[in-house]
Amino acid sequence: MISENDFTLAVHLPEAPAAAPRPMAPPLVRSTSYVFSSTAENVELRSGQRAGYVYARLDNPTADAFAQAVASLEAGGRPDLGGQAFNSGMAAITSVMLAFTGSGGHVVAPVELYGGTYSLLAHLLRRFGVRTDFVDMSDLDAVAAVVDEKTDILYAETLANPTLSVANLPELASIAKRAGAMFVVDSTFATPFICRPLAYGADLVVHSGTKYIGGHSDVTGGVVIGGRNLLERVRQVRIDTGTVLAPDDAYMLRRGLHTLPLRMERHCASALAVASELVDHPMISRVHYPGLSDHGTHAVAKALFATDRFGGIVSLTVRGGVAAGVALTDSFRTVSLATSLGGTSTVAQHVASSTHRQLDDEALAAAGIDGGTVRLSIGLEDPGDILADITRALDELRRDHS
Ligand SMILES: *Cc1c(COP(=O)(O)O)cnc(C)c1O
């Protein structure tokens with residue numbers, strides 16, 4: 001007892017009891033600071049001579065627990081690989097870019113790229129002297145033609161939005177390796193349940209945890225997985241920019257991992273059922289789903305993805321262009337009209353009005369996107385109910401058109 005004073009007592013409450021036996025759920029550590037036993041310990045921790053925590057913006061144990069958990073799923077038992085957690089997917093991607101390219105640097109990225117990443121490369125990093133070539137990643141000759149010894153990063157997405165084109169990861173990895181570039185893969189749409197890009201030669205894998213990993217549309221976060229030496233540079237950017245994952249969000253994201261395989265299994269099975277059923281509907285001109293044999297990258301998906309796992313996103317192209325796409329999306333009932341993906345509910349977005357709204361008709365066509373394309377993130381409802389809602393909406397559209 002250091003004092004009987006009310007104020008001092010209130011500040012110096014007794015320490016929480018040790019959690020023994022081991023709690024089933026992990027601790028959530030909100031503390032911003034850590035009490036050092038001596039100045040020497042403080043110095044050792046700060047210099048990295050001793051492992052431990054100093055200040056919550058640098059690292060926090062709950063964020064690390066989450067990142068290590070994703071690493072265990074993504075890198076299965078390789079001790080040389082770890083993870084670092086961020087407060088969003090974009091923070092993770094930005095930190096990777098800032099760690100490995102800079103003024104005078106060169107990045108090669110897909111034309112069909114997540115909008116936030118496109119904006120980062122085309123606008124922000126361009127202002128800081130980073131040049132990006134946007135290429136069709138399915139055209140390996142085109143990729144090889146722009147990746148050279150000046151290239152810092154070859155960047156790909158396992159599954160592209162909205163065509164669900166599957167990146168040929170081993171081929172892209174060898175193009176990067178030949179030029180001495182880093183190969184970074186955004187695997188948000190795939191998750192480690194479907195594909196593990198590190199096994200195909202990726203140097204780093206990034207995820208938006210906001211999507212399937214969190215899985216319930218209620219938490220934002222990101223993570224980078226890869227070799228510990230590379231990650232240390234990414235972590236340093238995170239420290240400088242202050243984008244570590246908050247403990248509460250880390251707790252939620254780690255909890256999401258327990259049911260990730262269970263949810264993904266259902267997302268994949270329902271998406272395949274919906275895609276297969278809709279190909280024959282008279283209002284549909286095209287169903288984009290890599291699990292269908294007519295998809296342009298079906299063979300790549302078969303080669304790289306776990307058996308019968310093709311993801312939970314399906315894009316439909318309805319006949320009638322923009323007007324038909326909008327009418328379809330607006331008439332869904334079970335399916336919600338909402339942004340984002342990977343949650344429990346099936347959600348739809350008219351592509352040309354949402355994620356690709358900056359593109360005019362010509363640019364949409366160049367990107368291979370029809371005005372009638374609607375992206376669906378298939379949720380965990382009964383697949384029959386999802387299909388019934390979509391089929392009813394399509395039948396109504398057909399009636400209005402005839
Ligand atoms: C959502 C998303 C991101 C960005 O993640 P945030 O958590 O929203 O910052 C990056 N890449 C892909 C493929 C995404 O779907």
Side-chain angles (χ1 to χ4, degrees), residues 63 66-67 70 74 83-98 107 109-125 132 134 137 153 155-167 169 184-195 197 202 204-225 234 237-238 241-246 248-250 252-254 256-257 260 264 267 271 288 290 311-315 338-343 347-349 351 354-356 367 375-379:
F66 164 63
V70 180
E74 197 64 76
Q84 291 292 338
F86 295 80
N87 57 20
S88 71
M90 280 318 303
I93 294 165
T94 303
S95 298
V96 168
M97 297 293 180
L98 294 179
V107 176
V111 266
E112 196 182 7
L113 181 61
Y114 178 72
T117 311
Y118 173 78
S119 178
L120 170 71
L121 290 167
H123 306 302
L124 183 62
L125 288 180
T132 301
F134 297 97
M137 280 286 149
I153 298 170
Y155 188 90
E157 293 179 351
T158 309
L159 277 164
N161 174 35
T163 65
L164 287 318
S165 180
V166 181
L169 302 175
V184 178
V185 178
D186 178 341
S187 208
T188 300
F189 276 38
T191 81
F193 183 74
I194 294 173
C195 183
L204 293 174
V205 174
V206 297
H207 288 283
S208 166
T210 316
K211 314 295 168 53
Y212 288 108
I213 289 176
H216 294 74
S217 313
D218 57 4
V219 56
T220 304
V223 65
V224 182
I225 309 298
V234 180
V237 176
R238 187 187 68 198
T241 53
T243 55
V244 76
L245 182 63
D248 288 69
D249 294 340
M252 295 290 279
L253 287 168
R254 186 184 180 281
L257 292 175
L260 182 67
M264 288 312 295
H267 287 301
H288 303 264
I313 310 295
V314 179
S315 294
T339 191
S340 200
L341 58 106
V347 299
Q349 279 194 107
V351 172
S354 56
T355 52
H356 293 64
R375 188 191 76 192
L376 295 162
S377 170
I378 302 298

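Just so you know, ligand 1 is whichever comes first in the structure, and atom 1 is the first atom listed for that ligand.
Shortest non-hydrogen contact noted between Pro197 and Val205 is CB-CG2, 3.7 Å. In plain terms, the two heavy atoms of Thr191 and His207 that are nearest each other are CA-CE1, 4.0 Å.
With sequence neighbours left out, Asn161 forms a side-chain hydrogen bond (donor to acceptor under 3.5 Å, both in side chains) with Arg375. With sequence neighbours left out, the ring-ring contact (aromatic ring centres under 6.0 Å, His included) criterion links Phe134 to Tyr118.
Ligand 1 lies under 4.0 Å from heavy atoms of Ser88, Gly89, Met90, Ile93, Tyr114, Asp186, Thr188, Phe189, Ser208, Thr210, Lys211, Gly221.
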Can you give me every donor-acceptor pair (side chain of residues 214-225, partner residue at least two apart or in another chain, under 3.5 Å) with its distance?
from, atom 1, to, atom 2, distance (Å)
His216, ND1, Gly214, O, 3.0

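When side chains are defined from C-beta on, Val185 does not count as touching Glu157, because their heavy atoms never get closer than 4.5 Å.
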